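Please read the structure below before turning to the comments.
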Amino acid sequence: MSRTCRPTGSTTLTAAARGGTFSPPYCRTRGQDGAGGAVSTARLPRILMLLSFRRGAAVSDRRTHPNPWPHEAAMAIPVPATPVRVRIAPSPTGDPHVGTAYIGLFNAAFALRHGGQFILRIEDTDQKRSTRQSETAIFDSLHWVGLRWDEGPDVGGPCGPYRQSERSSIYLAHSQLLLDNGTAYRCFCTAERLEAVRADQRSRKETARYDGFCRGLDPTHADRRAQQGEACVVRLRMRQEGETAVPDALRGQVVYDNRQIDDQVLIKSDGLPTYHLANVVDDHLMGITHVIRAEEWLNSTPKHLALYEAFGWTPPVFVHMPLLRNADKSKISKRKNPTSLQYYQRAGILPEAMLNFLALMGYSRKDEAGADIEKFGFAEFAADLELSRISLGGPVFDLEKLRWINGLYIRAMTPAELADRAVRWFGQDDRAAEIAALVQERVPELGDYMHHAGPFYRGSLDYGANARYLLVGCASRKKYAVRMPIAASRAFFEDVIAGLESLTEWSAPAIEAVLRATLATIPAAIGDGMMAVRVAVCGRPASPPLFESIAAIGRATVLVRLREVCNLLAEPRALADIAAGLRQELQATESALAAALGAPAVASSPSAAGST
RNA sequence: GCCCCGUUAGUCUAGCGGUCAGGACACGGCCCUCUCAAGGCUGGGACAGGAGUUCAAUUCUCCUACGGGGCACCA
């Protein structure tokens with residue numbers, strides 16, 4: 001039972017042969033809607049081909065389970081005779097995300113496996129949130145984990161430009177095509193009206209979607225209004241009856257009622273395309289054969305299919321990967337997990353370990369004996385990658401296992417290699433000089449360097465006995481110190497996080513401004529508040545100048561630490577444990593001391609533990 | 001609320017009608033050992049529930065429950 005992808009000519013059954021009645025995989029009920037007159041018959045051979053593969057196809061299977069399409073089990077991923085072209089399309093809004101590396105890994109490996117190309121495209125159609133800084137950070141981080149792309153904004157290629165913000169005219173021209181053939185229309189509805197419609201629909205417990213107010217507008221009249229400068233968007237004219245079946249390569253046919261699907265905005269009033277339009281146009285123009293993306297896109301695929309149909313194009317093969325999860329199984333988020341690749345890089349995770357770990361999320365490899373192979377590199381992974389073997393349950397991103405794998409790689413090095421890697425990791429860090437400058441005054445001997453520089457080179461921190469400083473003012477020696485309770489301290493840290501998150505420029509003065517502004521809102525003394533932040537960020541009550549330190553530690557890491565402090569403070573039990581531990585520790589020390597001095601042990605007072 | 005996807009131990013997974021339900025992380029015990037790791041041995045721990053199909057269901061079908069995602073002029 002072969003699991004290998006085979007070219008078109010393989011011997012598996014065709015959908016027609018199996019199913020008897022055959023209709024195209026999407027829009028199974030063709031609408032009578034005359035407006036959308038786009039071609040579709042040209043696609044048929046391709047579609048047949050897509051359907052002619054199923055996972056481990058065996059005729060006997062079909063006999064025992066004459067399970068008619070479309071409830072077909074997942075099929076093996078079809079690989080056409082044309083070269084495989086895949087892509088990732090990250091949006092440059094914020095820190096480079098582990099999810100990007102995850103999807104990138106599977107795309108890149110799939111391309112390598114089939115001798116195709118892997119393309120990086122930047123989806124920066126959201127003017128408000130996209131930044132160049134974020135874009136270069138994405139390049140850097142993806143390079144860091146070892147991903148290389150054949151085409152992209154930084155390396156060029158025959159299908160450029162690879163930045164959507166540089167392709168506006170292309171999208172506009174294509175939207176005009178749809179306007180011309182009637183599969184799209186102009187909409188002049190205001191945001192307020194749309195919101196009212198949605199609220200109304202929700203109150204009536206219906207799916208919130210556009211109500212088609214501008215659907216019937218006369219096109220020439222609408223064009224004139226647009227020309228006169230009236231703000232408008234372009235919407236897709238979605239078929240209003242029948243069903244659309246999405247052929248997902250891992251799930252089989254996923255069927256949607258067309259009435260559930262919105263008349264999606266294609267061109268925003270700023271003239272830029274939405275993701276949906278840009279993505280379909282680019283994938284087609286760039287010759288993408290397989291769209292391997294996250295599951296969160298599954299529900300919008302019917303819209304994409306409708307677009308391919310409106311243009312008369314052949315859609316690619318769709319593969320929706322499971323979503324990486326937090327420990328509570330929700331979609332991975334920075335609130336509950338470090339999600340920034342920069343965090344892992346600075347925490348000393350090896351890129352090859354990160355990639356290896358990511359490959360284990362939803363995928364597994366076995367040796368001849370049937371035992372799992374846990375440690376493997378990109379090339380090995382790609383060599384026998386079979387997308388149809390991906391398991392669909394959302395894998396929890398487990399830091400413990402990541403650390404274990406990282407240790408595997410570290411132990412596999414020769415001591416000389418490890419020394420070399422470690423020294424390079426410290427030395428080539430672009431912050432090395434910055435950190436040295438901060439630590440310099442506190443280093444009487446070189447040997448002290450590591451102690452003081454430690455917090456700059458770690459990921460999350462272990463607060464231990466210093467945890468008490470996290471309660472603002474509680475460890476203060478000031479005479480009239482305001483001691484803030486747990487909840488208030490946590491709220492304070494939440495505010496600090498919000499302030500730091502909103503910073504466009506990550507610099508000491510900017511950080512100082514945020515901290516001072518936040519401190520102004522709490523009753524505690526400035527110094528006491530700063531101390532709490534210092535311990536949260538540096539792990540100790542003694543550190544180099546705070547603002548500079550925060551700047552040097554870096555946004556991703558600082559925010560992870562602050563969020564962990566919030567989580568810690570949200571768990572009173574953990575705090576009580578810390579307090580109890582402190583008291584015990586103190587008592588033990590005193591007893592030991594007393595014993596050593598030959599005097600009876602003195603009962604210690606709880607207040608000596610530092611919390612009042 | 002509506003739609004879609006998913007469900008094997010705390011976690012990552014194997015399994016594609018008949019298995020003592022396999023491996024890994026984590027956890028416990030023992031060994032090694034000056035400590036801590038690492039390593040070796042070992043232990044506990046899972047098919048969400050209910051119907052149905054079948055001689056036989058973890059595996060196929062349906063229902064329920066639970067988890068997740070989507071429902072934007074964000075991607």
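Only a predicted model underlies this, so the values are computations on that prediction, with no experimental measurement involved. Every chain is numbered from 1 and lettered A, B, ... according to where its sequence line falls, protein lines coming before strand lines.
- Taking the P atom of each, C3(B) and G49(B) are spaced 26 Å apart, rounded to whole Å.
- Rounded to whole angstrom, the span from the CZ atom of Phe376(A) across to the C1' atom of G23(B) amounts to 14 Å.
- In this entry U19(B) has no Watson-Crick or G-U wobble partner, no candidate having both defining distances under 3.5 Å.
- Minimum atom distance to the side chain of Val396(A) is reached by C12(B), of the listed C5(B), U13(B), C12(B).
- Note on Gly362(A): only backbone sugar-phosphate atoms sit closer than 4.0 angstrom, heavy atoms only; bases stay farther off.
- Between Phe381(A) atom CZ and C12(B) atom P there is a gap of 17 Å when expressed in whole angstrom units.
- Screening Gln240(A), Arg215(A), Lys303(A) for a side-chain hydrogen bond (donor to acceptor under 3.5 Å, both in side chains) with Asp263(A), the sole residue that qualifies is Arg215(A).
- Distance noted for atom P between U59(B) and G18(B): 11 Å (whole Å).
- Counting only heavy atoms from C-beta outward, the side chains of Tyr162(A) and Asp282(A) never approach each other to under 4.5 Å.
- In this structure, the CE atom of Met361(A) is 10 Å from the C1' atom of C25(B), given to the nearest Å.
- Following rounding to the nearest Å, Asp200(A) (CG) and C2(B) (P) show an atom-to-atom distance of 16 Å.
- Remark: U53(B) base-pairs with no nucleotide in the shown strands. Criterion, Watson-Crick or G-U wobble with two distances under 3.5 Å.
- Here the P atom of nucleotide C4(B) and the NE2 atom of His304(A) are 18 Å apart, to the nearest Å.
- With Asp372(A) contributing its side chain and Glu374(A) its backbone, the two residues share no donor-acceptor pair below 3.5 Å.
- A 3.5 Å limit on both hydrogen-bonding distances identifies no Watson-Crick or G-U partner for U35(B).
- Separation of the P atoms belonging to A9(B) and A48(B) is 7 Å when rounded to the nearest angstrom.
- The pair Arg259(A)-Glu241(A) fails the salt-bridge criterion, with no side-chain N (NZ, NE, NH1 or NH2) lying under 4.0 Å from an Asp/Glu carboxylate O.
- In this structure, Arg411(A) does not reach the A37(B) phosphate: none of its side-chain N or O atoms is under 4.0 Å from OP1 or OP2.
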Original post:
In B/S/- notation, 5' to 3', how is nucleotides 63-75 of chain B contacted by protein heavy atoms closer than 4.0 Å?
Top reply: ----SSBBSSBBB

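- Nucleotides G28(B) and A38(B) are separated by 12 Å at their P atoms, to the nearest Å.
- One N or O on the side chain of Asp124(A) and one on the backbone of Ser165(A) form a donor-acceptor pair closer than 3.5 Å.
- In this pair, His276(A) and His304(A) present their aromatic rings tilted. The plane angle is within the 30 to 60° band.
- You'll find that the side chain of Asp398(A) is closest to U11(B), out of A26(B), U11(B), G23(B).
- Comparing the same atom, P, in U13(B) and in U19(B) gives a spacing of 25 Å after rounding to whole Å.
- Here G1(B) sits opposite C71(B) as a Watson-Crick or G-U wobble pair (both hydrogen-bonding atom distances under 3.5 Å).
- If you take OH of Tyr102(A) and C1' of C12(B), they are 11 Å apart, rounded to a whole angstrom.
- Taking atom CD on Glu400(A) and atom C1' on A24(B), their separation rounds to 14 Å, with Å as the unit.
- Across all strands shown, U11(B) forms a Watson-Crick or G-U wobble pair with A24(B), both key distances being under 3.5 Å.
- Rounded to a whole angstrom, the distance from the C1' atom of C25(B) to that of G45(B) is 14 Å.
- Counting non-hydrogen atoms of neighbouring residues, nucleotides and ligands closer than 6.0 angstrom, the CG atom of Asp328(A) exceeds 12 such neighbours.
- Heavy atoms of Tyr256(A) sit under 4.0 angstrom from primed sugar atoms or phosphate atoms, though from no base atom.
- Atom P of A65(B) sits at a distance of 42 Å from the matching atom of G29(B), rounded to the whole Å.
- In this structure G6(B) sits in a base pair with C66(B), meeting the Watson-Crick or G-U test at under 3.5 Å.
- Put simply, the side chain of Ser340(A) does not reach to within 4.5 Å of the side chain of Lys334(A), judged on heavy atoms.
- Summarising the geometry, the separation between CD1 on Ile405(A) and C1' on U11(B) is reported as 12 Å, rounded to the nearest angstrom.
- Along RNA chain B, the nucleotide closest to Leu392(A) and the one closest to Leu408(A) are compared, and the more 5′ of them pairs with Leu392(A).
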**OP:** Starting from the C-alpha separation in whole Å, work towards a yes-or-no answer on side-chain hydrogen bond (donor to acceptor under 3.5 Å, both in side chains) for Arg87(A) and Asn279(A).
**Re:** CA-CA 11 Å; Arg87(A) 101 284 124 128; Asn279(A) 149 66; 3.2 Å; yes

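- Nucleotides A46(B) and G22(B) have their P atoms positioned 11 Å apart, rounded to a whole Å.
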